[in-house]
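Labels below follow one simple rule: chain letters A, B, ... track the order of the sequence lines, proteins then strands, and each chain is numbered from 1. Since we're looking at a predicted model, the values are computed, not measured.
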There are 2 protein chains.
Amino acid sequence: MGKTSTVRDQVLNHAAALIMQRGYNGFSYRDLSNLVGVKTSSIHYYFPAKDDLVLEAVNEYSNRVLGNVHAVDATLSADKKLREYAKFFTETLGDSGRICLCGMLAADIGSLPDNIRLAVQTFFKANENWLTQVLAQGAEEGTLVENGQLESVARTIFSAFQGSVMASRLFHTNARLDEVVAAWIVVP
Amino acid sequence: MGKTSTVRDQVLNHAAALIMQRGYNGFSYRDLSNLVGVKTSSIHYYFPAKDDLVLEAVNEYSNRVLGNVHAVDATLSADKKLREYAKFFTETLGDSGRICLCGMLAADIGSLPDNIRLAVQTFFKANENWLTQVLAQGAEEGTLVENGQLESVARTIFSAFQGSVMASRLFHTNARLDEVVAAWIVVP
DNA sequence: GTCTATAAACGGATAGAC
DNA sequence: GTCTATCCGTTTATAGAC
């Protein structure tokens, strides 16, 4: 009954959480060692270099989050979809001081190798593509503000969410994420 | 004729640049030592602890940038002001891989003491207040999109700029900052 | 003010026993 | 797979000579 999770998975989960809280340069194998209860050398057995660990954390995170995003009920109106989307950021933030793993790594990009940059870029593009579709639907329905090229606006909205989740943590509030949604919903 | 700058100022300037590129946990006293050409112990003479150095870097940056922002020609139309504002981010980014120092520290906030958090919050609020005024002007003129509470939209725009400058660096482009401006300019 | 010297902890990583 | 032991460079910081 009790959930059994491999050491490898525990390392990966704790690594993701630490990155979301403190960034790439803000956590160590020692932190993970203390959290999981195995020696650092055991972690090196699964992930020879720190970059190997981080790349896999990004891929897992990306798959999970994009899975959730694409599972948003397709029959919803565009403004409702945007609200659901905002919830993902809110839930991640919670009270734990965690922001989007890929948003954090975008800030840390100066310390990262190219394969991780690529993975983060892919996550960004997937989100922006999904938002583009939502904007197109919103324009058709008249539920979302229509102003400019869909792709451009989608990138701006995604940037607004990423910036907003950082500001929310900075100010210990999560009202700022709702404001992002409100900025694109047509006022009656 | 040659510009003379004190060791203290050089340390402060290099520290700001390094934070903008690699974040709080991504640079060291040794980096500064190599750049300025003095030993790390000499840097500790001016800034006993790393947090002292970072706090002062934030204050200097904040004063300089807010000075520039408030020096934007008051007679410009609101959309022109927004374009000028975007230039600050573009110029900072340049080709140097630097993003807004306070945006970076917002990402690193989990590693920072409370006095630095306060200073970063103050910078955010000052920008958001300025943007609120611009939005009010734009609503009056009909040059900027009017949708929702001014303060809320101002916070969203600032978040969009912060997120956008990170995405711009991630993708090695700076077109994304123009898209943020375009998203709030009334299409003819 | 700047240096040398040093401390004491931390960082990622590896070799080899079990 | 996990451990002990270890390597070696890094990091922040201090004491004291010049």
> Side chain of Val7(A): nearest nucleotide among dT12(D), dG11(C), dT2(D)?
Replying inline: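 For the Val7(A) side chain, the nearest candidate turns out to be dT2(D).
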
Integer-rounded Å distance: [N] [atom2] and [X] [atom1]:
X: Tyr29(A); N: dC8(D); atom1: OH; atom2: P; value: 20 Å
X: Arg30(A); N: dT11(D); atom1: CZ; atom2: P; value: 15 Å
X: Asn25(A); N: dG12(C); atom1: CG; atom2: P; value: 9 Å

Would you please classify the geometry between the [Y] ring and the [X] ring as parallel, tilted or perpendicular, with 30° and 60° separating the classes?
X: Trp184(B); Y: Trp184(A); answer: tilted
X: Phe158(B); Y: Phe124(B); answer: perpendicular
X: Phe123(A); Y: Tyr61(A); answer: tilted

I'd like a table of atom pairs between the protein and nucleotides 3-7 of chain C - only N or O on both sides, under 3.5 Å - with the distance next to each one.
unit_1 : atom_1 : unit_2   : atom_2 : d
dC3(C) : OP2    : Lys39(B) : N      : 2.8
dC3(C) : OP2    : Ser42(B) : OG     : 2.9
dT4(C) : O4     : Ser41(B) : OG     : 2.9

>> Could you tell me if Asp9(B) and Tyr46(B) have a donor-acceptor pair between their side chains, going purely by distance under 3.5 Å?
In response: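 Tyr46(B) vs Asp9(B): no donor-acceptor pair found between side chains.
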
>> One thing to verify: whether Glu128(A) and Arg176(B) come together as a salt bridge, which I'm taking to mean a side-chain N less than 4.0 angstrom from a carboxylate O.
In response: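 Salt bridge: yes.
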
> Can any side-chain N or O of Gln137(A) pair as donor or acceptor with the backbone N or O of Leu76(A) at less than 3.5 Å?
Replying inline: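 Flag set: sc Gln137(A) to bb Leu76(A) pair under 3.5 Å.
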
> For DNA chain D, which residues in residues 43-50 of chain A have a heavy atom at a distance below 4.0 Å?
Replying inline: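 Per residue number, the list reads Tyr45(A), Tyr46(A).
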
> Would Glu84(B) and Lys87(B) satisfy salt bridge (charged side-chain N to carboxylate O under 4.0 Å, His left out), going step by step from the backbone distance to the final call?
Replying inline: CA-CA 5 Å; Glu84(B) 289 298 309; Lys87(B) 270 195 207 165; 3.3 Å; yes

>> Within 45 degrees of the ring normal and closer than 6.0 Å to the centroid, is that where the cationic atom of Lys50(B) sits relative to Tyr24(B)?
In response: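 Yes; both conditions hold, so Lys50(B) lies above the ring face of Tyr24(B).
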
